[in-house]
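Treat the numbers as computed from the prediction; the structure is a model and nothing was measured. Protein chains get the first letters and strands the later ones, always in sequence-line order, with residue 1 at the start of each.
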2 protein chains.
Amino acid sequence: MTDDDRVFKALADPTRRFLLDLLFAREGRTLTELESEVEMTRFGVAKHLKLLEEAGLVVVRRSGREKLHFLNPVPIRLIHDRWIDKYTERHITALVDLKNALGDET
Amino acid sequence: MTDDDRVFKALADPTRRFLLDLLFAREGRTLTELESEVEMTRFGVAKHLKLLEEAGLVVVRRSGREKLHFLNPVPIRLIHDRWIDKYTERHITALVDLKNALGDET
DNA sequence: TTGACATGTGACCTTTTGGTCACCTAACTT
DNA sequence: AAGTTAGGTGACCAAAAGGTCACATGTCAA
(Lines give C-alpha, C1' and ligand atoms only; values in the text may rest on other atoms or scores of the structure.)
Protein backbone atom coordinates (compact mmCIF):
# COMPACT_ATOMS: atom_id res chain seq x y z
CA MET A 1 0.00 0.00 0.00
CA THR A 2 1.32 3.44 -0.90
CA ASP A 3 1.61 6.33 1.54
CA ASP A 4 -1.14 8.22 -0.24
CA ASP A 5 -3.39 5.23 -0.05
CA ARG A 6 -2.85 4.92 3.68
CA VAL A 7 -3.81 8.57 4.11
CA PHE A 8 -6.92 8.34 1.94
CA LYS A 9 -8.03 5.21 3.76
CA ALA A 10 -7.38 6.78 7.15
CA LEU A 11 -9.56 9.73 6.18
CA ALA A 12 -12.35 7.50 4.91
CA ASP A 13 -13.79 6.83 8.36
CA PRO A 14 -15.94 9.50 10.05
CA THR A 15 -14.76 8.56 13.53
CA ARG A 16 -11.17 9.05 12.49
CA ARG A 17 -11.93 12.41 10.93
CA PHE A 18 -13.65 13.36 14.17
CA LEU A 19 -10.58 12.37 16.16
CA LEU A 20 -8.48 14.59 13.91
CA ASP A 21 -10.95 17.39 14.53
CA LEU A 22 -10.59 16.89 18.26
CA LEU A 23 -6.81 17.06 17.99
CA PHE A 24 -7.13 20.07 15.74
CA ALA A 25 -9.03 21.85 18.48
CA ARG A 26 -6.50 20.83 21.12
CA GLU A 27 -3.43 18.68 20.70
CA GLY A 28 -1.64 16.52 23.23
CA ARG A 29 -4.67 14.54 24.34
CA THR A 30 -4.46 11.09 25.89
CA LEU A 31 -6.29 8.00 24.68
CA THR A 32 -8.62 8.12 27.68
CA GLU A 33 -9.43 11.72 27.01
CA LEU A 34 -10.26 11.04 23.36
CA GLU A 35 -12.27 7.99 24.31
CA SER A 36 -14.55 10.13 26.46
CA GLU A 37 -15.58 12.19 23.43
CA VAL A 38 -16.68 9.27 21.32
CA GLU A 39 -19.42 6.64 21.61
CA MET A 40 -17.04 3.74 21.54
CA THR A 41 -14.85 1.72 23.87
CA ARG A 42 -11.20 2.52 24.45
CA PHE A 43 -10.22 -0.39 22.20
CA GLY A 44 -12.03 0.93 19.19
CA VAL A 45 -10.52 4.38 19.64
CA ALA A 46 -7.04 2.88 20.07
CA LYS A 47 -7.42 1.03 16.78
CA HIS A 48 -8.45 4.17 14.97
CA LEU A 49 -5.55 6.09 16.46
CA LYS A 50 -3.19 3.37 15.35
CA LEU A 51 -4.36 3.70 11.75
CA LEU A 52 -4.03 7.48 11.94
CA GLU A 53 -0.54 7.04 13.29
CA GLU A 54 0.43 4.61 10.54
CA ALA A 55 -0.81 7.13 8.00
CA GLY A 56 1.39 9.72 9.64
CA LEU A 57 -1.57 11.92 10.50
CA VAL A 58 -1.06 11.56 14.21
CA VAL A 59 2.20 11.65 16.10
CA VAL A 60 2.58 10.31 19.59
CA ARG A 61 4.66 11.06 22.63
CA ARG A 62 4.79 8.84 25.67
CA SER A 63 4.68 10.54 29.05
CA GLY A 64 4.76 8.12 31.95
CA ARG A 65 1.80 5.84 31.58
CA GLU A 66 0.03 8.29 29.31
CA LYS A 67 0.23 8.57 25.55
CA LEU A 68 -0.13 12.04 24.14
CA HIS A 69 -1.49 12.48 20.63
CA PHE A 70 -0.54 15.27 18.25
CA LEU A 71 -1.85 16.19 14.87
CA ASN A 72 0.46 16.12 11.86
CA PRO A 73 -1.11 17.92 8.89
CA VAL A 74 1.76 17.17 6.51
CA PRO A 75 0.23 14.06 4.89
CA ILE A 76 -2.99 15.96 4.21
CA ARG A 77 -0.90 18.69 2.69
CA LEU A 78 0.80 16.15 0.47
CA ILE A 79 -2.33 14.52 -0.93
CA HIS A 80 -3.69 17.99 -1.38
CA ASP A 81 -0.72 19.06 -3.48
CA ARG A 82 -0.22 15.83 -5.34
CA TRP A 83 -3.81 14.94 -6.03
CA ILE A 84 -6.65 17.14 -4.92
CA ASP A 85 -5.24 20.35 -6.29
CA LYS A 86 -5.30 18.92 -9.78
CA TYR A 87 -9.06 18.50 -9.61
CA THR A 88 -9.93 21.74 -7.89
CA GLU A 89 -8.00 23.94 -10.29
CA ARG A 90 -10.20 23.51 -13.30
CA HIS A 91 -13.32 25.02 -11.68
CA ILE A 92 -15.10 26.78 -14.39
CA THR A 93 -13.82 25.07 -17.48
CA ALA A 94 -14.71 21.64 -16.17
CA LEU A 95 -18.26 22.65 -15.45
CA VAL A 96 -18.62 24.18 -18.86
CA ASP A 97 -17.20 21.08 -20.55
CA LEU A 98 -19.61 18.95 -18.61
CA LYS A 99 -22.57 21.10 -19.47
CA ASN A 100 -21.69 21.02 -23.15
CA ALA A 101 -21.18 17.30 -23.09
CA LEU A 102 -24.52 16.72 -21.44
CA GLY A 103 -26.34 18.97 -23.83
CA ASP A 104 -28.37 21.93 -22.67
CA GLU A 105 -31.42 20.37 -21.11
CA THR A 106 -31.64 22.61 -18.07
CA MET B 1 -24.07 8.41 5.53
CA THR B 2 -23.29 12.07 4.83
CA ASP B 3 -22.31 13.45 1.43
CA ASP B 4 -18.80 14.13 2.62
CA ASP B 5 -18.47 10.63 3.90
CA ARG B 6 -19.54 9.19 0.57
CA VAL B 7 -16.86 11.27 -1.16
CA PHE B 8 -14.10 10.34 1.28
CA LYS B 9 -15.04 6.67 1.01
CA ALA B 10 -15.16 6.86 -2.78
CA LEU B 11 -11.66 8.32 -2.82
CA ALA B 12 -10.32 5.69 -0.44
CA ASP B 13 -9.86 3.06 -3.13
CA PRO B 14 -6.86 3.28 -5.47
CA THR B 15 -8.75 1.78 -8.42
CA ARG B 16 -11.40 4.45 -8.10
CA ARG B 17 -8.80 7.20 -7.92
CA PHE B 18 -7.23 5.73 -11.02
CA LEU B 19 -10.58 5.79 -12.82
CA LEU B 20 -10.92 9.45 -11.92
CA ASP B 21 -7.43 10.04 -13.29
CA LEU B 22 -8.44 8.35 -16.54
CA LEU B 23 -11.50 10.56 -16.83
CA PHE B 24 -9.41 13.56 -15.93
CA ALA B 25 -7.17 12.81 -18.92
CA ARG B 26 -10.15 12.33 -21.22
CA GLU B 27 -13.81 12.47 -20.35
CA GLY B 28 -16.74 10.76 -22.01
CA ARG B 29 -15.36 7.25 -21.86
CA THR B 30 -17.48 4.14 -21.91
CA LEU B 31 -17.43 1.34 -19.38
CA THR B 32 -15.73 -0.98 -21.86
CA GLU B 33 -13.09 1.57 -22.58
CA LEU B 34 -12.35 2.09 -18.89
CA GLU B 35 -12.36 -1.65 -18.30
CA SER B 36 -9.55 -2.09 -20.80
CA GLU B 37 -7.26 0.14 -18.74
CA VAL B 38 -7.63 -1.81 -15.52
CA GLU B 39 -6.72 -5.32 -14.39
CA MET B 40 -10.24 -6.24 -13.47
CA THR B 41 -13.41 -7.55 -15.08
CA ARG B 42 -16.13 -5.27 -16.37
CA PHE B 43 -18.22 -6.06 -13.30
CA GLY B 44 -15.68 -4.79 -10.86
CA VAL B 45 -15.19 -1.59 -12.82
CA ALA B 46 -18.95 -1.06 -13.05
CA LYS B 47 -19.25 -1.35 -9.28
CA HIS B 48 -16.52 1.21 -8.74
CA LEU B 49 -18.13 3.59 -11.23
CA LYS B 50 -21.43 3.22 -9.42
CA LEU B 51 -19.85 4.28 -6.13
CA LEU B 52 -18.17 7.23 -7.84
CA GLU B 53 -21.50 8.19 -9.33
CA GLU B 54 -23.27 7.96 -5.97
CA ALA B 55 -20.61 10.21 -4.50
CA GLY B 56 -21.30 12.67 -7.30
CA LEU B 57 -17.74 12.42 -8.59
CA VAL B 58 -18.80 10.95 -11.90
CA VAL B 59 -21.73 11.96 -14.06
CA VAL B 60 -23.15 9.76 -16.75
CA ARG B 61 -24.87 10.20 -20.08
CA ARG B 62 -26.47 7.38 -21.97
CA SER B 63 -25.88 7.24 -25.70
CA GLY B 64 -27.53 4.29 -27.37
CA ARG B 65 -26.13 1.17 -25.83
CA GLU B 66 -23.13 3.02 -24.46
CA LYS B 67 -22.74 4.82 -21.19
CA LEU B 68 -20.45 7.82 -21.24
CA HIS B 69 -18.69 8.85 -18.05
CA PHE B 70 -17.75 12.40 -17.11
CA LEU B 71 -15.77 13.74 -14.23
CA ASN B 72 -17.40 16.10 -11.76
CA PRO B 73 -14.79 17.80 -9.58
CA VAL B 74 -17.32 19.71 -7.46
CA PRO B 75 -17.47 17.22 -4.56
CA ILE B 76 -13.69 17.22 -4.32
CA ARG B 77 -13.83 20.97 -4.28
CA LEU B 78 -16.33 20.83 -1.44
CA ILE B 79 -14.39 18.54 0.86
CA HIS B 80 -11.36 20.60 0.03
CA ASP B 81 -13.04 23.81 1.15
CA ARG B 82 -14.93 22.39 4.09
CA TRP B 83 -12.31 20.11 5.49
CA ILE B 84 -8.87 19.84 3.95
CA ASP B 85 -8.23 23.54 3.77
CA LYS B 86 -8.53 23.79 7.53
CA TYR B 87 -5.60 21.45 7.97
CA THR B 88 -3.36 22.76 5.24
CA GLU B 89 -3.61 26.39 6.27
CA ARG B 90 -1.59 26.16 9.44
CA HIS B 91 1.62 25.03 7.71
CA ILE B 92 4.39 26.47 9.65
CA THR B 93 2.80 27.15 12.98
CA ALA B 94 1.54 23.57 13.33
CA LEU B 95 4.98 22.14 12.69
CA VAL B 96 6.51 24.48 15.17
CA ASP B 97 3.90 23.62 17.80
CA LEU B 98 4.55 19.97 17.22
CA LYS B 99 8.27 20.33 17.49
CA ASN B 100 7.98 22.25 20.72
CA ALA B 101 5.56 19.73 22.14
CA LEU B 102 7.85 16.86 21.28
CA GLY B 103 10.89 18.52 22.73
CA ASP B 104 13.98 19.32 20.75
CA GLU B 105 15.68 15.98 20.33
CA THR B 106 16.66 16.43 16.70
C1' DT C 1 -33.55 -11.14 -38.29
C1' DT C 2 -29.70 -12.93 -36.63
C1' DG C 3 -25.64 -12.17 -34.37
C1' DA C 4 -22.49 -9.44 -32.00
C1' DC C 5 -21.84 -5.76 -28.69
C1' DA C 6 -22.63 -2.70 -24.29
C1' DT C 7 -24.37 -2.83 -20.19
C1' DG C 8 -27.38 -4.29 -15.90
C1' DT C 9 -28.66 -7.63 -11.99
C1' DG C 10 -28.39 -10.70 -8.32
C1' DA C 11 -26.11 -14.56 -6.25
C1' DC C 12 -22.05 -15.70 -4.39
C1' DC C 13 -17.40 -15.75 -2.24
C1' DT C 14 -13.29 -13.96 0.25
C1' DT C 15 -10.91 -10.45 2.60
C1' DT C 16 -10.93 -6.29 5.18
C1' DT C 17 -12.84 -3.33 8.54
C1' DG C 18 -14.90 -1.75 12.72
C1' DG C 19 -15.82 -2.99 17.03
C1' DT C 20 -15.86 -5.69 21.58
C1' DC C 21 -13.84 -8.38 25.33
C1' DA C 22 -10.64 -10.97 28.66
C1' DC C 23 -6.42 -10.56 30.13
C1' DC C 24 -1.77 -8.42 30.64
C1' DT C 25 1.94 -4.91 31.86
C1' DA C 26 3.53 -0.58 33.49
C1' DA C 27 3.16 3.42 36.25
C1' DC C 28 1.30 6.38 39.58
C1' DT C 29 -0.90 6.97 44.51
C1' DT C 30 -1.35 6.32 49.27
C1' DA D 1 2.86 -3.07 49.27
C1' DA D 2 -1.72 -2.70 47.47
C1' DG D 3 -4.95 -0.68 44.76
C1' DT D 4 -5.95 2.14 40.88
C1' DT D 5 -5.20 4.08 36.52
C1' DA D 6 -3.38 4.18 31.43
C1' DG D 7 -2.57 1.62 27.95
C1' DG D 8 -1.35 -2.87 24.88
C1' DT D 9 -2.48 -7.63 22.80
C1' DG D 10 -4.75 -11.26 20.64
C1' DA D 11 -8.99 -13.71 19.97
C1' DC D 12 -13.16 -13.14 18.27
C1' DC D 13 -17.39 -11.56 15.65
C1' DA D 14 -20.54 -9.15 12.38
C1' DA D 15 -20.87 -6.30 8.66
C1' DA D 16 -19.08 -4.12 4.62
C1' DA D 17 -16.08 -4.04 0.64
C1' DG D 18 -13.99 -5.86 -3.44
C1' DG D 19 -14.39 -8.93 -6.88
C1' DT D 20 -16.28 -12.75 -10.04
C1' DC D 21 -19.82 -15.18 -12.65
C1' DA D 22 -24.27 -16.80 -15.04
C1' DC D 23 -27.80 -14.84 -17.00
C1' DA D 24 -30.79 -11.15 -18.94
C1' DT D 25 -31.91 -6.80 -21.62
C1' DG D 26 -31.47 -3.51 -25.08
C1' DT D 27 -29.05 -1.76 -29.28
C1' DC D 28 -26.51 -1.77 -33.40
C1' DA D 29 -24.93 -3.85 -37.92
C1' DA D 30 -25.12 -7.04 -41.87
Roughly how many Å is it from CG in A/Leu34 to C1' in C/dG19, rounded to a whole number? 17 Å

I want to confirm an ordering. Mapping B/Thr32 and A/Lys47 to their closest nucleotides on DNA chain C, which one lands closer to the 5' end? B/Thr32

Specify the residue among A/Thr41 and A/Gly64 whose closest nucleotide of DNA chain C lies further upstream toward the 5′ end. A/Thr41

Looking at DNA chain C, which of residues 50-58 of chain B put a heavy atom within less than 4.0 Å of it? none

Just how far, in rounded Å, is P of D/dA6 from CZ of A/Arg29? 16 Å

With respect to the side chain of A/Met40, which nucleotide from D/dA22, C/dT20, C/dT7 is positioned closest? C/dT20

Please step through side-chain contact (heavy atoms from CB on, under 4.5 Å) for the pair A/Thr88 and B/Asp81, ending with a clear verdict. CA-CA 10 Å; A/Thr88 52; B/Asp81 292 351; over 6 Å; no

Distance, rounded to the nearest Å, where B/Arg62 contributes CZ and D/dT27 contributes P: 8 Å

Examine C/dT17: is either OP1 or OP2 under 4.0 Å from a nitrogen or oxygen in the side chain of A/His48? Give yes or no. no

In this structure, how many angstroms lie between the C1' atom of C/dC5 and the CD atom of B/Glu66, rounded? 9 Å

Within-4.5 Å side-chain heavy-atom neighbours: B/Leu11 and B/Ile79: yes

In plain terms, say whether A/Asp21 and A/Arg17 are close enough for a salt bridge, that is, a side-chain N and a carboxylate O under 4.0 Å apart. no

Taking side chain to side chain contact (heavy atoms under 4.5 Å, CB included) as the criterion, tell me which of B/Arg42, B/Arg29, B/Met40 meets it with B/Glu35. B/Arg42

Work out which heavy atom in A/Trp83 is nearest to a heavy atom in B/Leu20; give both atom names and the distance. CH2-CD1, 3.8 Å

Between the protein and nucleotides 24-26 of chain C, list the N/O to N/O atom pairs that are separated by less than 3.5 angstrom.
none

For B/Leu19 and D/dG18, what is the distance between atoms CG and P respectively, to the nearest whole Å? 12 Å

Work out which heavy atom in B/Leu31 is nearest to a heavy atom in B/Ala46; give both atom names and the distance. CD1-N, 3.9 Å

Please determine, for the side chain of B/Phe43, which listed nucleotide (D/dA22, C/dT7, D/dG18) has the closest atom? D/dA22

Looking at DNA chain C, which of residues 1-13 of chain A put a heavy atom within less than 4.0 Å of it? A/Lys9, A/Asp13

With a 4.5 Å limit on heavy-atom distance, are the side chains of B/Asp85 and B/His80 in contact? yes

dist A/Thr2:OG1 -> A/Phe8:CZ (nearest 0.5 Å) comes out at 9.0 Å

What is the distance, rounded to the nearest whole Å, between atom CG of B/Leu68 and atom C1' of D/dT27? 14 Å

Quick one: B/Leu49 CG to C/dG8 C1', roughly how many Å, whole number? 13 Å

Restricting to ring pair (Phe, Tyr, Trp, His ring centres under 6.0 Å), what partner residues turn up for A/His69, sequence neighbours left out? none

Could I get the full list of salt bridge (charged side-chain N to carboxylate O under 4.0 Å, His left out) partners for A/Arg82, not counting sequence neighbours? A/Asp4

Below 3.5 Å, can you tabulate the donor-acceptor pairs from side chains in residues 48-57 of chain B to any protein atom, sequence neighbours excluded?
{"unit_1": "B/His48", "atom_1": "ND1", "unit_2": "B/Arg16", "atom_2": "NH1", "d": "3.0"}

If only atom types and distance count, is the side chain of A/Thr30 paired as donor or acceptor with the main-chain N or O of A/Glu33 below 3.5 Å? yes

